[in-house]
Structure formats: structure tokens, C-alpha cells
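Since the structure comes first, as C-alpha cells, the remarks are kept for the end.
What you are looking at is a predicted structure, and each value in this text was computed from that prediction instead of being measured. Chain A is the first sequence line, chain B the second, and so forth, proteins listed ahead of strands; every chain is numbered from 1.
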Amino acid sequence: MPELPEVEVVRRGLAENVVGRTLTDVELRGHRVSRRHVLGPQHLRERLAGRRVSAARRRGKYLWLDLEDSVGLILHLGMSGQLLIEPAAAPDEKHLHARFRFADGGPELRFVDQRTFGGLALGDLDARGVPTTIAHIAPDLLEPEFDRDAVVRRVTSKHSAIKRVLLDQSVVSGIGNIYADEALWRSRVHGERLASRLSRPRVAAILDHAADVMREALDQGGTSFDALYVNVNGASGYFDRSLAAYGQEGRPCPRCGTPIRRERFMNRSSFSCPRCQPRPRAVAGPRVLPSSARR
DNA sequence: CGTTCATCCTGAGAGC
DNA sequence: TGCTCTCAGGATGAAC
């Protein structure tokens, strides 16, 4: 259930434990884990054997291992994916989908994913070293290519709710449901306000808050990282202690004490402070369609 | 074209 | 104990 900070923790784990090593055998269980690799799991296996991992990279929530010759192994954790570094003797996890063995005979890399929304694929890298198959994913808030002014203009051009835009990975990547709610809370903006009706400074502030909350999560998540255990839950301690809005329904807003509310939006939960983040009036409110009222 | 919706999965926890 | 229902931090193709 990772967003940018959690994925970055995983990337660091890969950099520490996998970069510099050469793949020998890759075991793929079932075809679903490699469904994004159009040439099929067998092709993927063959192409990976003997390749050396030269870097572990990330854009937003996407990870990829640089395999030299401008080829990368793209990894996405989806909602429940984990990458684990473990001794070969460790018992298989229940939802183990891929196992990577290395020429040095050291610990193996495993991809474990309960809900199987995640997966992996091989892809060509462009001149900047980014997989061409994720060209539609915008730079994330923490990378040098992120162009704040351009993104602010793009956001304010959208005729859509601000939270929806923050979650749109083609506008800015890395933000998920948690950090969207936290950034909006810090900005005192309700997620259903229309992006095109927010001022540019306001949008800039939302993006800055999103970057801040992610950096803070990263700081905390990075400290409890076990070198031999690359875990998407590496930043989980952060969630318990530091979230102001997300998951805090009924608890007092840290700013004004008003109980945090929970609302349905985009078929998922949104948390906000009723006082600090008043709902927009009619124009940007939810369109209540009688047919969608029941499922 | 831009925006929104339904859908892919499994398991945990609540309520009955 | 077991059933049903709701919920979960994501991304996509297809529909509007």
C-alpha cells in the first residue's frame, strides 16, 4: 500500500542489496505477476538471466532495476506488493510470485503480493534512463526534473476536484490517498474543490506541503530500515504517529480540535477537518446521480 | 480531446 | 463458528 516514501525506502533497500549483483535464475509463479510484459513470462525469464543490476531507480511509485544496455526491470508494488531480501532457505511466502537468484549465491530477492495489483516487466529505457512504458508518469515531487511552476499551471488548468488531480500520476507522481489527504489538510483545502478555481499560490502551497509530508515520512521510515529486509511497511511507524487527517476519523484535528470527518470520494475514503477544510459550495460538490446511489 | 468509472485480486475485521 | 458485508495506501482500459 505504498506511496512515494514507502517506495523510496524499498528503492534504497534494493540499492543496498541488489545493485552490483548478477541475476542467474528468475522464477515466476503464474502469469499474472508479469502480465505487463507482453512477450510473456518465459521471454522475461530468458532476458533476465545473466544480467547485472547497475542501479535501482524510482519515479513516483514505479521502481526499476537498471540492467545496462538501456534495459530496465520495472517493478510496481500495487496495493500490497513487497520486495524481500531473504536467504534461499527461508520458507516461501504464501503470496510469493517471483524469486530472483544471483550468481554470487547470496540472498535472493522475492516479490510477494497478496492482492496481485503489482507486477513486473522488462522495458527499454529512454535517453534519460526512464522506461518508455512509464512515459505517461510525470516526474515526482522529489526529483530534479520536477517543474513546480509547470505543474502548478497544469493543475489549475484541470476542471476536476483538486484531490483527483493530486492523485493523477500523469500530472505529478508519487501522491496516493494518504499523502493527498495530509497535503490538503496542511493546506486547509477540501479535496473536492475545483482545481481550476484555486489560485496558483494556493496550488503551489499544496504541492509544497505534499513534498514536505513525504520528506518527513521518508526521514522516519528510513531510520527503522533493516538492511536485509526490504519492506513496503518500512515507514509504517510514521502512520501511527504523525498523520493529522488520514485514518483519523473522530479524532481531534491537531490544529483546531474539531473531530476529523470521513467522506466517500472516488470510491474511497477521504479524511479532512470540517472546520479547517470546509466543503466547497454546490459547483464543486459531488454530483449525486440517483443510479449511482446503490450498488 | 479530457474526465470519470469499473475492474483487476485477497484477506481482515465488523456485525449478525 | 460461520456467513455476509465493507474496506484496503493503485493503475488501467473503456465509456462518457
What contact category does [X] fall into here, base, sugar-phosphate, or nothing, at under 4.0 angstrom with non-hydrogen atoms?
X: A/Arg268; value: base
X: A/Phe271; value: nothing
X: A/His97; value: nothing
X: A/Arg262; value: sugar-phosphate

Who passes ring-ring contact (aromatic ring centres under 6.0 Å, His included) against [X], sequence neighbours left out?
X: A/His37; result: A/His43
X: A/Phe100; result: none
X: A/Tyr62; result: A/His76

With a 4.0 Å limit, can you tell me whether [X] has a side-chain N or O closer than that to the phosphate oxygens OP1/OP2 of [N]?
X: A/Ser160; N: B/dT4; value: yes
X: A/Lys94; N: B/dG11; value: yes
X: A/His76; N: C/dA11; value: yes
X: A/Ser269; N: C/dA8; value: yes
X: A/Arg164; N: B/dT4; value: yes

Residues forming a side-chain hydrogen bond (donor to acceptor under 3.5 Å, both in side chains) with [X], sequence neighbours excluded:
X: A/Asp208; value: A/Arg148
X: A/Glu8; value: A/Arg11, A/Arg12, A/Arg58
X: A/Glu108; value: A/Arg99, A/Arg110

Using the P atom as the point on both nucleotides, what is the distance between B/dC9 and C/dA14, in whole Å?
16 Å
Sequence neighbours excluded - salt bridge (charged side-chain N to carboxylate O under 4.0 Å, His left out) pairs with any residue from residues 153-180 of chain A
A/Lys163-A/Asp181
Quick note, side chain to side chain donor-acceptor pair (under 3.5 Å) partners involving residues 112-122 of chain A, not counting sequence neighbours, are A/Arg32-A/Thr116, A/Ser80-A/Asp113
Do A/Leu166 and A/Leu243 land in one hydrophobic cluster if side-chain heavy atoms of ILVMFWY residues count as linked below 4.5 Å?
yes
Atom CD1 of A/Ile134 and atom C1' of C/dT12 are separated, to the nearest Å, by 15 Å
In whole Å, I'd like the distance from the CD1 atom of A/Ile137 to the C1' atom of C/dG10.
10 Å
Measure all distances between protein nitrogen or oxygen atoms and nitrogen or oxygen atoms of nucleotides 13-16 of chain C, and list the pairs falling under 3.5 Å.
none

Donor-acceptor under 3.5 Å (A/Glu3 side chain, A/Ile175 main chain)
no
Cationic tip of A/Arg59 above A/Trp64 ring, under 6.0 Å, 45° of axis:
no
What side-chain donor-acceptor pairs closer than 3.5 Å can you find for residues 49-57 of chain A, not counting sequence neighbours?
from: A/Arg51; atom 1: NE; to: A/Arg47; atom 2: O; distance (Å): 3.0
from: A/Arg51; atom 1: NH1; to: A/Leu67; atom 2: O; distance (Å): 3.3
from: A/Arg52; atom 1: NH1; to: A/Glu68; atom 2: OE2; distance (Å): 3.0
from: A/Ser54; atom 1: OG; to: A/Asp66; atom 2: O; distance (Å): 3.2
from: A/Arg57; atom 1: NH1; to: A/Arg128; atom 2: O; distance (Å): 3.3
from: A/Arg57; atom 1: NH1; to: A/Gly129; atom 2: O; distance (Å): 3.0

Any residue in residues 151-159 of chain A with a heavy atom nearer than 4.0 angstrom to DNA chain B? Just list them by number, or reply none.
A/Lys158, A/His159
Stacked pair A/Phe117-B/dC9, distance under 5.5 Å, angle under 30°
no
A correct dot-bracket answer for DNA chain C, with pairs being Watson-Crick or G-U at under 3.5 Å, [ ] for crossing pairs and | for inter-strand pairs, is .|||||||.|||||||
